[in-house]
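What follows is one structure encoded as structure tokens, with my remarks underneath.
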Amino acid sequence: MTPTTASEEPAPESSGVRSVQRALDILSLLTEDRPLIAIRDIVAATGLAKTTVIRMVQTLEQSGLLWATSSGYMAGPGLWRWAHLAHRSWELPPETQRMMRELAARERETVNVYVVRDIVRICIAQQESPQPLRHVVHVGDELPLWGGASAKVLLRNASDPLLERIARSSPDGEGHVRQLREWIDTATEQGYAVSHGEREEGLSAAAVPILGRSGTVVAALSLSGPTVRFTEDRVATFVKELQAAAAQMNERGFEHPLGSSY
């Protein structure tokens, strides 16, 4: 028998990957504003054949990830296990949560902790401002990395290819990479970053890095709120308070929830 060469080997089967992606696409259609979805909604949103959608929905239902009702399909009880696991894995230690509450109460602005995932930053913890007019990002929300105080400190060790991808996702396109590098260099030199209306008009923020064991930036701690309240004097106070809080997190190694691999 003639040996099979590398070029003659069959290509890896990708149908399994496609199925997983399609299942995730279906589940992602469920939101707070749309807790129920019908087969026709899934067909319209995904462009898949109705027979394919029905087969996938049945599989998701059997796994407990979807639940059939008279009005459509809702999130299934099987998701509770994953939600509970995620909550336990990413929940910050009680002392860190207390520190965030005290910081929000003292400075009266919203406190957030962000981490990087590819070209976005994800909010993993938040303590809302006590003021009626405040900035709120839900835990789990993904925000862009092409702007904002937290992005500037999170990208300290970012590679050139990553910065280029982030720049391409910005309103300014690839040319934005130069501005990103300037922001990152300034934030690295100062030890903090500030933003005014970069991602959203009228929104400002100040952020400092949280470091892992090796000194690498693993998260960003920020205060955010309406620009009108982020005067020069207040920003200076915010930065001082954030740095003090981050120093305590750094001393603990911030091993939870990011693990000890850092």
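From a predicted model like this one, the values you see are computed outputs, not experimental measurements. Values below: all heavy atoms of this structure, side chains included; hydrogens, waters and symmetry mates excluded.
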Using residues 41-48 as the side-chain source, report each donor-acceptor pair under 3.5 Å to any protein atom, sequence neighbours left out, with the distance given to one decimal.
from, atom 1, to, atom 2, distance (Å)
Asp41, OD2, Ala38, N, 2.9
Thr46, OG1, Ile42, O, 2.7
Thr46, OG1, Leu48, N, 3.2

Side-chain donor-acceptor pairs of residues 167-175 under 3.5 Å, sequence neighbours excluded:
from, atom 1, to, atom 2, distance (Å)
Ser169, OG, Ile166, O, 2.6
Ser170, OG, Ala167, O, 2.6
Ser170, OG, Asp172, N, 3.3
Ser170, OG, Gly173, N, 3.2

Would you mind writing out the side-chain donor-acceptor pairs for residues 198-212 within the sub-3.5 Å range, not counting sequence neighbours?
from, atom 1, to, atom 2, distance (Å)
Glu198, OE1, Gly148, N, 2.9
Glu198, OE1, Lys152, NZ, 3.4
Glu198, OE2, Lys152, NZ, 2.7
Ser204, OG, His196, ND1, 2.6
Ser204, OG, Thr227, OG1, 2.7

Solution key, residues 67-75 side-chain donor-acceptor pairs under 3.5 Å, sequence neighbours excluded:
from, atom 1, to, atom 2, distance (Å)
Thr69, OG1, Ser71, N, 3.2
Thr69, OG1, Gly72, N, 3.2
Thr69, OG1, Gly72, O, 2.8

Between side-chain atoms of residues 128-136 and protein atoms elsewhere (two or more places apart, or another chain), which donor-acceptor pairs fall under 3.5 Å?
from, atom 1, to, atom 2, distance (Å)
Glu128, OE1, Arg134, NE, 2.8
Glu128, OE1, Arg134, NH2, 3.2
Ser129, OG, Arg108, O, 2.9
Ser129, OG, Gln131, N, 3.1
Gln131, NE2, Arg108, O, 2.9
Arg134, NH1, Gln131, O, 3.0
His135, ND1, Ser224, OG, 2.7

Report task. Take Leu223 and Val235 through the test side-chain contact (heavy atoms from CB on, under 4.5 Å) and record every step on the way to the result. Result -> CA-CA 9 Å; Leu223 278 165; Val235 167; over 6 Å; no
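Between Asp160 and Arg181 there is a side-chain heavy-atom pair separated by less than 4.5 Å. Side-chain contact between Leu221 and Val153 is absent, with no heavy-atom pair separated by less than 4.5 Å. In this structure, Leu162 and Ile119 have side chains that are in contact, with non-hydrogen atoms separated by less than 4.5 Å. A heavy-atom distance below 4.5 Å is not found between the side chains of Val17 and Gln21. Taking 4.5 Å as the limit, every side-chain heavy atom of Gln190 sits out of range of all side-chain heavy atoms of Val239.
Listed by chain and residue number, Glu107, Arg234, Glu241 satisfy the side-chain contact (heavy atoms from CB on, under 4.5 Å) test with Thr237 (two or more places apart in sequence, or in another chain). Residues forming a salt bridge (charged side-chain N to carboxylate O under 4.0 Å, His left out) with Glu61 (at least two apart in sequence, or on another chain): none. Every residue meeting the ring pair (Phe, Tyr, Trp, His ring centres under 6.0 Å) condition with Phe238, not counting sequence neighbours, appears here in chain and number order: Phe230. With sequence neighbours left out, Arg117 forms a salt bridge (charged side-chain N to carboxylate O under 4.0 Å, His left out) with Glu142. The side-chain contact (heavy atoms from CB on, under 4.5 Å) test applied to Asp141 returns Val137, His138, not counting sequence neighbours. Scored by the salt bridge (charged side-chain N to carboxylate O under 4.0 Å, His left out) test, Arg40 finds no partners at all (sequence neighbours excluded).
When all heavy atoms are compared, the tightest approach of Arg121 to Leu154 is CB-CD1, 3.9 Å. The nearest pair of heavy atoms linking Ala219 to Val115 is CB-CG1, 4.0 Å. The two atoms that bring Leu155 and Leu145 nearest to each other are CD1-O, 3.6 Å, heavy atoms only. Looking at every heavy atom in both residues, Leu65 comes nearest to Gly78 through CD2-C, 4.2 Å. Summarising the geometry of Tyr114 relative to Leu143, their closest heavy-atom pair is OH-CD1, 3.5 Å, with the distance given to 0.1 Å.
Around the CZ atom of Arg178, the shell of radius 6.0 Å holds no more than 12 heavy atoms that belong to other residues, nucleotides or ligands.
Atom CE in Met56 sits 9.0 Å away from atom CG in Leu27 (nearest 0.5 Å).
Legend: ring pair (Phe, Tyr, Trp, His ring centres under 6.0 Å) pairs involving residues 159-181, not counting sequence neighbours, sorted by first then second residue: His176-Trp183.
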